[in-house]
Structures are given as structure tokens and as C-alpha cells.
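Naming convention: chains lettered A, B, ... in sequence-line order (proteins, then strands); numbering from 1 in each chain.
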Amino acid sequence: MIKSKIFDDLIEVLEELDLEYTENFSVEIPNNVEHGDFSSNVALLNAKLNKMAPRDLAEKFVEIFAKKRYYKKVEIAGPGFINFKLANSVFHKNLIDIVEKKKKFAASKHGKKQRILLEFISANPTGPLNVVSARAGAFGDTLASIMRHVGYDVFTEFYVNDAGNQVDILAESLELRYRELHGERIDEFPPEAYHGEYLKDLASQLNSAEGSKLFHCTENDRMEKMRNFALKKIQAMQYESLERFGVHFNNWMSERKLRKDGILEEALSYLAEAGCTYEKDEAIWFNSSQFGDIKDRVLIKADGNPTYLVPDIAYHITKYNRAYDVLIDVLGPDHHGHISKLRAAMKALELDASKLEVVYLQHINLIQNGEVVKMSKRAGRIVTLNDLIDEVGKDAARYFFIDRKPSAHLDFDMELAKKQSSENPVFYCQYAYARINSIMKKAKKAKISLKDFDTKNLRKLNKDEELRLIKKMLELKSILIGAAEHREPHRLSGYLHELAGMFHKYYAKYHIIDEKRIEMTQARLYLCSAVKNVIGLALDLMGISTPQKM
RNA sequence: GCGCCAAUAGCUCAGUUGGAUAGAGCAACGGAUUUCUAAUCCGUAGGUCAGGGGUUCGAAUCCCUUUUGGCGUGCCA
């Protein structure tokens with residue numbers, strides 16, 4: 001990596017000059033091209049330590065660096081920045097690396113194989129996945145890919161709340177629809193019930209499988225059947241939607257199974273043993289306020305049932321037991337009140353709460369014809385993940401969800417996502433990829449190939465645009481590391497959009513194929529193949545397709 | 001009331017551990033096609049980085065404060 005080479009060279013000079021120094025300085029790619037390929041604030045940060053003026057210190061660096069062949073030009077600028085222009089050959093050498101590493105380009109061992117448990121979506125299995133889950137899905141899946149690429153050992157998990165109150169309500173809702181099918185008039189569908197159309201479908205499926213048989217069994221048996229049937233079908237629905245969306249999990253963790261395994265009781269007994277529970281008003285409480293929560297929380301309700309907090313604590317204990325280094329929960333914005341309770345529980349159990357990390361995804365507005373699409377779960381009026389994929393396609397949906405900082409609200413413009421033009425960033429990026437492919441095809445027709453290409457001829461790549469393209473591609477490695485560390489996949493989509501733009505501009509300005517200048521053509525084709533590789537890699541990581549032709 | 005998140009161009013948003021003249025895209029306006037895909041490109045215009053104070057060589061970025069918006073603060077999940 002070029003940056004670290006410059007960094008090391010700077011350290012070497014600091015040593016050579018026998019100066020006091022901090023390694024806190026940076027080597028960066030300046031915003032302004034006139035400031036060179038790289039720039040460092042090393043003199044600014046170390047001037048005071050050596051009682052020198054920053055520019056004077058910088059001067060000493062320049063003298064030494066001027067003798068190194070790696071650098072074409074080293075200058076002092078502004079208050080004492082040192083700007084570096086590198087020899088073209090440095091970029092050419094790195095270009096070969098991009099092409100040869102293929103899909104492993106920009107991979108690194110940065111994550112040191114840290115074991116990460118990444119939990120996302122974890123929607124209730126009470127209905128089809130909605131757009132909130134869609135954002136979480138695109139986000140989580142892409143983050144996992146990026147983190148794996150930079151050397152983390154990531155395990156993804158979907159936690160299924162297939163037990164408890166909501167599931168009972170689901171079963172009751174299904175029963176009502178089932179009764180309707182058998183001619184019963186349901187005057188008032190309870191407001192807390194699930195109103196969506198999908199339950200009518202499920203009821204009729206259930207009816208064709210069982211007929212009226214279910215009326216003849218005991219209420220308990222009937223409800224159990226309702227529950228099982230609904231859960232099975234809805235989970236299958238969710239699974240299929242996610243398959244369509246290209247989102248996969250290493251594991252689907254069932255709350256029911258946790259309950260069966262007695263983990264809830266275990267969690268409760270741990271808390272009791274730690275002396276963190278007490279009884280009040282016929283309920284059992286957790287003294288979470290002792291552990292940073294704003295108030296104590298109920299664990300077991302007066303009716304004897306656990307609150308949702310208990311299985312959640314239990315589930316998180318299993319995460320700790322599975323020996324991960326970092327636990328990442330991706331949550332919706334309405335859950336941030338929840339995490340303080342969970343953290344409190346981890347502290348109470350003397351588990352390392354600093355391992356538990358939460359990413360909050362902010363709200364989504366779907367915008368159609370310039371207006372926010374109003375959704376109401378109660379009325380069963382929601383836009384599902386399937387609707388969205390039908391409407392705008394997987395690629396656009398994923399891109400739009402990824403291309404926004406997680407902490408920011410997201411306005412999803414449905415019209416824009418459908419547009420097949422440069423206004424639509426996903427098409428813009430894919431088009432760059434397809435365009436390179438068509439250049440390759442044309443080269444093949446002209447019988448120009450890279451088989452007999454001597455990489456010495458890469459020196460023909462001496463245009464600013466060409467060197468900048470290479471430089472841009474070399475940035476990918478640190479972009480991915482930043483995206484992984486900060487849990488911000490949008491850095492990758494932003495990068496991709498910029499790279500695609502640079503290529504389109506280059507394409508418009510220079511002709512790649514010139515049958516009279518074979519070596520030049522080959523060098524440019526080589527550059528194109530590198531760009532194709534990098535764009536393809538970025539799209540792969542985001543789970544977006546790479547069309548050969550558009 | 002308390003807590004979390006946000007506020008950057010007309011709109012949607014970037015802005016890396018604090019760096020040089022705050023950037024894209026869209027919309028607006030003006031241009032480019034004998035060409036490997038014009039699904040593209042070039043140019044013009046657009047800003048009190050919500051307001052105020054502080055920290056320092058340097059602040060959109062860090063700290064304090066005010067304002068505005070979203071959410072949370074259930075024996076719902």
C-alpha cells in the first residue's frame with residue numbers, strides 16, 4: 001500500500017534527523033489534485049515538539065525526499081503540508097496488482113479474524129417483511145461481505161421471535177379468518193389483531209389442508225395448530241423474500257427453541273443468583289437501574305408470563321457463550337430504549353458489555369410521485385419487501401438502502417429507483433461495467449488481446465485521467481477497511497459511484513481502441529480490465545448484479 | 001421532564017483519527033453524437049455547514065449552550 005510506504009519513509013526521515021516525534025500524523029489523498037497524489041501533515045504536528053516552524057521542518061523533509069526515486073515531486077504548501085507526487089511507474093506497478101488479484105483485490109487481514117456475530121432484521125414472524133427489514137437486510141448483508149473481505153470472521157444471524165404474545169395474537173388472527181371461511185360473521189376484528197390480507201390467504205390454505213377438522217379438536221390443540229401453521233408459512237415467506245433479495249444468514253435462531261431448551265429459566269436464575277431480582281406487585285423485577293438503566297424492569301409479569309426482555313437476555317447470553325469477540329445488533333430506531341436494558345443485564349451478569357455494539361438504522365420514507373407513502377401495519381397497508389423488489393428490482397433496492405449513512409433517515413424515491421438513466425446511480429454504476437465489457441468485445445473482434453501484452457508498455461498510461469483512475473482504484477482497500485470499522489457500507493457505494501464517474505469521463509475523452517497503436521490500446525485495455533474488476537468487486541460486495549450488457 | 005438520533009446548495013445526500021478554496025447527484029440553464037453503448041460527457045449557476053460561545057496553527061467535524069424535527073421513556077415486541 002502506497003500510503004503506508006510514504007508513512008514509513010517519513011518515520012525513517014524523522015529518525016534520521018534525530019527529531020522528537022509523534023506517529024499521530026497522517027498521509028492522505030488531498031481533495032485538491034493540485035496538491036499532489038498524497039499529502040502529509042507530519043511537519044505541522046511535529047514542529048512544536050522540536051521548537052521549529054512547521055515550514056522549516058517541512059523543508060528538511062523535502063531535501064531528503066527529493067533524492068528518492070519513488071517520488072517525482074515533493075513540495076511544501078500552505079501552513080506546512082508536504083505534498084508528494086509519485087513516479088508514474090509506482091502506479092503502473094500497482095495496476096498489475098489490481099488485475100492479478102482479481103476478486104481478492106483490496107482484501108486484507110485488517111480484521112485479524114476477529115469473530116463477529118452480526119444480527120440483523122430479526123423481524124417478528126407475524127407477517128411479510130416490510131421496507132424496514134429491507135433496509136436492514138441490504139445493510140447487514142453488505143456489511144458482512146465487506147467485513148469478510150477485510151479479514152473479519154463474520155457469522156450472521158436472524159433471531160426469530162416465534163414465541164410469546166405476538167405469536168398468540170397471530171394464531172388468534174388466523175383463527176378468525178378461518179372462522180370467516182366457514183361462514184362465521186366476525187363483526188369486529190380486534191384492533192390488536194393482524195389485519196393483513198396474507199392471513200386470509202393462509203386461512204384458505206389451512207382450510208384446503210384441514211377442512212373443518214380443526215373445529216373438532218380442543219381449543220388448545222386448535223390454537224397450537226394455528227400457531228404452527230402460521231409460523232411455518234410466514235417464515236417460509238420471509239425466507240423466500242430474502243432469497244430474492246440476495247440476503248442470506250448463517251443461522252436462524254428460534255426463540256421457541258431457546259425456550260424449549262430452558263434458557264429463559266437459566267437466564268432468570270443467573271439474574272436471581274446475582275441478586276438482581278426482586279418481587280413487587282406480584283411481578284418479578286430486574287433492578288436494572290443499578291446498572292445504568294433509567295428504571296427497573298419487569299421480567300415476569302403478574303400473570304406469570306415473561307416479558308420480551310427475558311428471552312432477549314437469554315438469547316444474548318447464548319451469544320456470549322458462543323465466544324464471539326464482537327456482537328453487533330442492527331436495530332430499528334424505535335428500539336434504542338431497549339438496548340439500555342439489555343446492557344444493564346449484561347453488566348449484572350458480569351459479561352463484557354463493551355462487546356455488545358448496536359447500529360441503529362433510521363426510518364425510511366417511501367416516496368411515490370413526490371409524496372410519502374403512508375403505511376399502517378394495523379390496517380394491513382404496508383409495502384412489503386416483495387412489493388419493492390417487484391416494483392424497482394433487487395439491484396436498485398439494495399443500492400438505495402446501502403447508499404445512505406445508517407444513522408440518517410432515508411427517503412426512498414421509487415420513481416428514481418426505476419429510472420434507467422444516469423439520474424439513477426445504480427444504473428450509472430452498472431452501465432460503466434457493461435460499457436467496459438462492450439469495449440472488450442470490440443477489442444476481441446479487432447483481434448487485439450492482452451495475451452502478448454508486455455506490462456512494460458503500461459508506461460504509455462501517462463494521462464492524468466489514467467493515473468487518477470489507478471489511484472482511485474487503489475483507494476478501495478482503505479475504503480473497505482473504513483466501511484468495516486465504522487459499520488458504514490455507504491462508503492462503498494459512494495466510492496463506486498465516483499469510480500464509475502471517473503471511468504465515464506475517461507471514456508468520453510479518450511478512445512481506447514486504436515488499431516494503429518496496438519501497444520497503447522493494450523495498455524488502455526489493461527486499465528479497463530482493472531476498472532472492470534474493481535467495479536465488479538464492489539457490486540459483488542453489495543449484492544448487486546454485474547450486467548455484461550445493458 | 002429525561003434519554004437517543006439528526007439539522008450541510010431549491011431537492012436527496014457525501015464529507016475518513018480535526019486539514020488547504022465545504023463536494024456529488026437530481027432539478028435549472030447553455031453546449032457536445034462521421035465515435036468502443038449519448039443509459040454518456042463538458043460548461044454555468046447555486047452555501048450564514050440551524051444560531052451562539054469555546055478548544056488550536058487550523059473546526060461542518062471535538063466540547064458547552066439555544067432552537068427545530070424524529071424516536072424512545074409499557075407488566076407490548
Side-chain angles (χ1 to χ4, degrees), chain A residues 24-26 28-32 34-35 39 41 44-45 47-48 53-54 77-81 83 122-124 126 161 164-167 169 192 280-285 293-295 297-303 305-309 311-312 332-340 360 362-363 367 370 403-405 407-413 416 419-425 427-428 430-432 434-443 445-446 478-479 481-483 485-486 488 490-491 493-494 497-498 501 503-514 521 524-525 528 549-550:
Chain A
N24 237 347
F25 65 87
S26 62
E28 282 175 355
I29 298 170
N31 296 325
N32 189 336
E34 285 166 27
H35 294 152
S39 121
N41 58 358
L44 285 165
L45 288 181
K48 223 178 215 177
F81 290 100
N83 295 337
S122 297
N124 285 338
T126 52
N161 294 111
N165 210 9
Q166 299 299 319
V167 176
I169 294 171
E192 72 275 8
K280 194 179 93 182
D281 303 333
E282 290 170 40
I284 296 178
W285 293 69
D293 197 2
I294 44 173
K295 55 179 280 195
R297 310 287 173 176
V298 171
L299 294 170
I300 303 290
K301 298 184 267 185
D303 67 4
N305 287 314
T307 63
Y308 68 95
L309 187 56
D312 235 23
D334 48 339
H335 281 75
H336 63 245
H338 175 52
I339 208 71
S340 55
Y360 296 104
Q362 290 298 324
H363 274 293
I367 310 287
D403 188 39
R404 197 104 319 161
K405 175 167 64 170
S407 60
H409 293 243
L410 167 57
D411 282 345
F412 192 113
D413 185 337
L416 178 60
K419 268 190 197 158
Q420 312 231 333
S421 75
S422 63
E423 295 163 50
N424 184 346
F427 276 89
Y428 186 82
Q430 288 180 313
Y431 181 49
R435 191 171 232 183
I436 295 172
N437 199 54
S438 91
I439 296 170
M440 303 292 192
K441 255 196 235 155
K442 164 121 184 186
K445 254 190 206 157
S478 61
I479 293 287
I481 289 172
E485 271 193 335
H486 295 268
E488 291 184 344
H490 76 282
R491 297 184 188 207
S493 57
H497 194 244
E498 283 170 24
F503 180 75
H504 284 309
K505 288 178 220 284
Y506 174 61
Y507 170 92
K509 190 161 172 187
Y510 298 100
H511 213 77
I512 312 283
I513 294 172
D514 180 347
T521 299
R524 288 185 172 173
L525 281 173
C528 287
K549 207 176 138 186
M550 288 174 79

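Residues Asp312(A) and His338(A) bring a donor and an acceptor atom of their side chains to less than 3.5 Å of each other. Between the side chains of His504(A) and Arg435(A), at least one donor-acceptor pair of N or O atoms lies under 3.5 Å.
Glu28(A) comes within 4.0 angstrom of a base, heavy atoms only. Residue contacts for His35(A): at a heavy-atom cut-off of 4.0 Å it reaches a base atom on one of the strands shown. No engagement by Ser340(A) is indicated, since no non-hydrogen atom pair under 4.0 Å with the nucleic acid exists. Within 4.0 Å (heavy atoms only), Ile513(A) reaches at least one base atom of the nucleic acid. His338(A) comes within contact range of no nucleotide atom at all, as no heavy-atom separation falls under 4.0 Å. When heavy atoms are screened at a 4.0 angstrom cut-off, Asn83(A) is found touching base atoms of the nucleic acid. Residue contacts shown for Ser478(A) are absent, as no nucleic acid heavy atom lies under 4.0 Å away. Using a 4.0 Å heavy-atom criterion, one finds that Asp403(A) contacts no nucleic acid atom at all. Contact annotation for Phe25(A): no contact, since no heavy-atom pair falls under 4.0 Å across all strands.
Side-chain proximity of Leu45(A) to the nucleotides G19(B), C71(B), U21(B) is greatest for G19(B). Across G25(B), C76(B), G74(B), the shortest atom-to-atom separation from the side chain of His497(A) is found for G25(B). Distance from the side chain of Glu488(A) is smallest for G15(B) among the nucleotides C76(B), A39(B), G15(B). Considering only side-chain atoms of Ile439(A), the nucleotide from G70(B), C36(B), A77(B) that sits closest is C36(B). You'll find that the side chain of Glu34(A) is closest to U21(B), out of C41(B), C75(B), U21(B).
Pair assignment for G74(B): none, as no Watson-Crick or G-U wobble contacts are both less than 3.5 Å. Base pairing of A7(B): its partner is U67(B), meeting the Watson-Crick or G-U wobble criterion (both donor-acceptor distances under 3.5 Å). Across all strands shown, nothing is found opposite A39(B) as a Watson-Crick or G-U wobble partner with both distances under 3.5 Å.
At distances below 3.5 Å, at least one donor-acceptor pair connects side-chain atoms of Trp285(A) with backbone N or O atoms of Lys280(A). With Asp281(A) contributing its side chain and Ala283(A) its backbone, the two residues share no donor-acceptor pair below 3.5 Å. Between the side chain of Thr307(A) and the main chain of Ile300(A), no donor-acceptor pair closer than 3.5 Å is present.
Here Lys295(A) does not reach the OP1 or OP2 of C2(B): none of its side-chain N or O atoms lies under 4.0 Å away. In this model, the phosphate group of G15(B) is approached by a side-chain N or O of His490(A) to a distance below 4.0 Å at OP1 or OP2. OP1 or OP2 of C36(B) has not a single side-chain nitrogen or oxygen of Arg524(A) nearer than 4.0 Å. Lys505(A) has a side-chain polar atom (N or O) that falls below the 4.0 Å cut-off from OP1 or OP2 of C42(B).
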Got a list of protein N/O to nucleotides 28-35 of chain B N/O distances below 3.5 Å?
residue	atom	partner	partner atom	Å
U35(B)	O2	His511(A)	ND1	3.4

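Between the side-chain ring of Phe81(A) and the base of A20(B), a stacking contact exists by the 5.5 Å and 30° definition.
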_Contact letters for nucleotides 4-12 of chain B, in which S counts primed atoms plus P, OP1 and OP2 and B counts the base, heavy atoms under 4.0 Å_ = BSS-----S
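For Thr307(A) and A77(B), a side-chain-to-base donor-acceptor distance below 3.5 Å is absent, hydrogens and geometry of angles not being considered.
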